[in-house]
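Input: a single structure, listed below in structure tokens.
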Amino acid sequence: MQVFRTLAGYSFGRADIVRRAMAKKKHEVMRREKEFFLYGERDEKGNVICDGAIARGVEKETAEKIFEDMSSFSSYAFNKAHAAAYSFVAYRTAYLKCHYPAEYFSALMTSMMDSASKLALYNAECKRIGIRVLPPHVNNSGSGFIPENGNIRFGLNAIKNLGQGIIERLISERQQNGEYTSMYDFCRRNHSREFNRKALEGLIKSGALDGLEDNRRQMLYNIEGTLAAVENEIRFSGDGQLNLFEEMGAPDVFIPQKTEEMDEDTKLQLEKEATGIYISGHPMAKYSRFLSSAGLTKTSDILSGKYSDADKVTVAGIINNLKVRQLKNNKLLASCQIEDVYASVSVTVFEAAYVKFKPVLSGTKPVILTGRISEREDRDVEIVALNVEELPE
């Protein structure tokens, strides 16, 4: 910034724009800035924005060399202390990933439990190298992600509406008194003020109670009856109280009503609702043959920095979290995420594109989205949508 200010007369704000462009490797912006650095810039009224290095007495060849040195240096540069620390961390993590992959990814996913996009990315990488991320389960899971026979067991802390107190209680109860045998058994043994309907729903939707009853739909259907039966048992089992039903020989264990399981797409959608990611499968998996032959861009490649600012990409996936807001100029701006089997990327949709593609963006079917990469210093990489259409039958 000081070089631009001293040699070419840039203001602090103007120099900071260049610094951000260099940090994000925005080559198109840097090509435009070279002209201004050498010859200066004026606004529409002819007012000087910056003088330019040549006007300030720097020879053209010298100014060009200085600019090129700065541009090439910014492509990838660290000070030595930073580079040494990075190389040390990179060596250690590469060793752990190679020799202890399940342990490595368990720790990595535990550290990123608040980021659904990161979890989806790591989940896809685990699948690529042959490690299964097993669904959460009240009889096997810990608070965080843990290795299990070469695979990884999903952590209970990543389930929404599940407090730390509930997690610690259910793990402690399991360790002291054995595995849970039914949904009723689980609810009775973990009955507390913190344990409520939302917590139970989250566990069912995530798959954490699978095997305790016939299926997830049956468990969701019987939530009210189960919790009411537990409340009654707790109330009537206090000291000095008489359970009339038990005296009469009637069974005091709740018997759930049988129902058939929900369809696979609904099951996956509820998993995502509860955990932020698809665990047991993915809605896009059924299109894998088409996607592999269509030459489309992977979201994981976008997130890893394979593409530069303004590059054009085409991605196929599911649209999630569509939100629309009105700007101060009364124009609409929409934002959403597009998710494939690898990860998810944020998408910005300006008014013209939103009005044109609103039915497709608001639908539930997979789409093919074409747009341009947008990189900003203070935000994650995203796509600015240009075209959206449903995945062809």
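Hydrogens, waters and symmetry mates are skipped; everything else that's a heavy atom, side chains included, is used.
Hydrophobic clustering (ILVMFWY, side-chain heavy atoms < 4.5 Å, transitive): Leu386 and Leu296 are in distinct clusters. When hydrophobic clusters are built by joining Ile, Leu, Val, Met, Phe, Trp and Tyr residues whose side-chain heavy atoms come closer than 4.5 Å, directly or via intermediates, Leu121 is not grouped with Leu96. Ile318 and Ile279 fall into different hydrophobic clusters, where Ile, Leu, Val, Met, Phe, Trp and Tyr are joined by side-chain heavy atoms under 4.5 Å apart, directly or via other members. Leu270 and Met284 end up in different hydrophobic clusters when Ile, Leu, Val, Met, Phe, Trp and Tyr side chains are linked at under 4.5 Å. Linking ILVMFWY side-chain heavy atoms closer than 4.5 Å, directly or via other members, places Ile204 and Tyr180 in a single hydrophobic cluster.
Looking only at side-chain heavy atoms (C-beta outward), Cys187 and Leu227 come within less than 4.5 Å of each other. Contact of the Ser300 side chain with the Lys306 side chain is not registered, since no non-hydrogen atoms from C-beta on lie closer than 4.5 Å. Contact annotation: the side chain of Asn190 never approaches that of Ile166 to less than 4.5 Å [non-hydrogen atoms, C-beta and beyond]. Under the 4.5 Å side-chain criterion, counting only non-hydrogen atoms from C-beta, Asn320 is not in contact with Ser344. Inter-residue side-chain proximity for Leu361 and Lys358 is flagged as unmet; no heavy-atom pair is nearer than 4.5 Å. Between Asp16 and Arg19, the closest side-chain pair of non-hydrogen atoms falls below 4.5 Å. Taking the side chain as every heavy atom from C-beta outward, Arg216 and Asp210 approach each other to under 4.5 Å. You'll find the side chain of Leu170 reaches within 4.5 Å of the side chain of Leu156, heavy atoms only.
One distance of note links CE of Met113 with CZ of Phe154; it measures 8.5 Å at 0.5 Å rounding. Atom CG of Leu369 and atom CG of Leu391 lie 12.0 Å apart (nearest 0.5 Å). Taking OH of Tyr342 as the reference point, atom OG of Ser304 lies at 12.5 Å (rounded to 0.5 Å). For the atom pair CD1 of Ile167 and CG of Leu203, the computed distance is 8.5 Å after rounding to the nearest 0.5 Å. Note that the CG atom of Asp214 and the NZ atom of Lys258 stand 3.5 Å from one another [nearest 0.5 Å].
Under the 3.5 Å distance criterion, the side-chain polar atoms of Ser362 are left unmatched by any main-chain donor or acceptor of Pro359. Side-chain atoms of Glu271 come within 3.5 Å of backbone atoms of Ser280 as a donor-acceptor pair (strictly under, hydrogens ignored). Proximity of a side-chain donor or acceptor of Arg217 to a complementary backbone N or O of Glu261 within less than 3.5 Å is not detected. Put simply, the side chain of His191 never gets that close to the backbone of Glu231: no donor and acceptor are under 3.5 Å apart. Looking at Thr297, its side chain never comes within 3.5 Å of a backbone N or O of Val315 through a donor-acceptor pair. Between the side chain of Arg42 and the backbone N or O of Asn47 there is no donor-acceptor pair closer than 3.5 Å. Judged purely by atom type and a 3.5 angstrom limit, Thr6 has no side-chain atom pairing as donor or acceptor with the backbone of Val3. No donor-acceptor pair closer than 3.5 Å links the side chain of Arg56 to the backbone N or O of Asp51. The closest donor-acceptor contact from the side chain of Asn157 to the backbone of Gly144 lies at 3.5 Å or more, if one exists at all. Between the Asn222 side chain and the Gly225 main chain, no donor and acceptor come within less than 3.5 Å of each other.
For the residue pair Gln176/Ser172, the side-chain donor-acceptor check at 3.5 Å is satisfied. Neither side chain, Asn215 nor Glu260, offers a donor N or O lying under 3.5 Å from an acceptor on the other. Residues Thr370 and Thr314 have side chains that bring a donor and an acceptor to within less than 3.5 angstrom of each other. No side-chain N or O of Tyr221 forms a donor-acceptor pair with one of Glu213 less than 3.5 Å apart.
Classification of the Tyr95-Tyr100 ring pair by plane angle, with boundaries at 30° and 60°, yields tilted. A tilted orientation is assigned to the rings of Tyr10 and Phe37, their planes being inclined by 30° to 60°. Taking the six-membered ring where tryptophan is involved, the planes of Phe105 and Tyr122 are tilted, since the angle between them lies from 30° to 60°.
Both cation-pi conditions hold for Arg5 and Phe12: the charged atom is under 6.0 angstrom from the six-membered ring centre and inside a 45 degree cone around its axis.
Remark: Asn177 pairs with Glu173, Arg189 by the side chain to side chain contact (heavy atoms under 4.5 Å, CB included) rule, at least two apart or across chains. Residues passing the salt bridge (Lys or Arg N to Asp or Glu O under 4.0 Å) test with Glu68 are Lys34, sequence neighbours excluded. Residues that satisfy the side chain to side chain contact (heavy atoms under 4.5 Å, CB included) test with Ser11, not counting sequence neighbours, are Arg14.
Taking a cutoff of 4.0 Å between a charged side-chain nitrogen and a carboxylate oxygen, Lys286 and Asp265 qualify as a salt bridge. A salt bridge links Lys272 with Glu339: at least one charged nitrogen is closer than 4.0 Å to a carboxylate oxygen. Under 4.0 Å is where a charged nitrogen must lie from a carboxylate oxygen, and between Lys97 and Glu125 at least one such pair does.
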Item checked: Stepwise salt bridge (Lys or Arg N to Asp or Glu O under 4.0 Å) test for Glu201 and Arg197 -> CA-CA 6 Å; Glu201 277 186 352; Arg197 180 194 174 101; 3.0 Å; yes
Next item on the list: Step by step, work out the ring pair (Phe, Tyr, Trp, His ring centres under 6.0 Å) result for Phe36 and Phe4.
Entry: CA-CA 10 Å; Phe36 303 143; Phe4 276 85; over 10 Å; no
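Summarising the geometry of Val349 relative to Ala385, their closest heavy-atom pair is CG2-CB, 4.0 Å, with the distance given to 0.1 Å. In terms of heavy atoms, Cys50 sits closest to Ala8 at CB-O, 3.6 Å.
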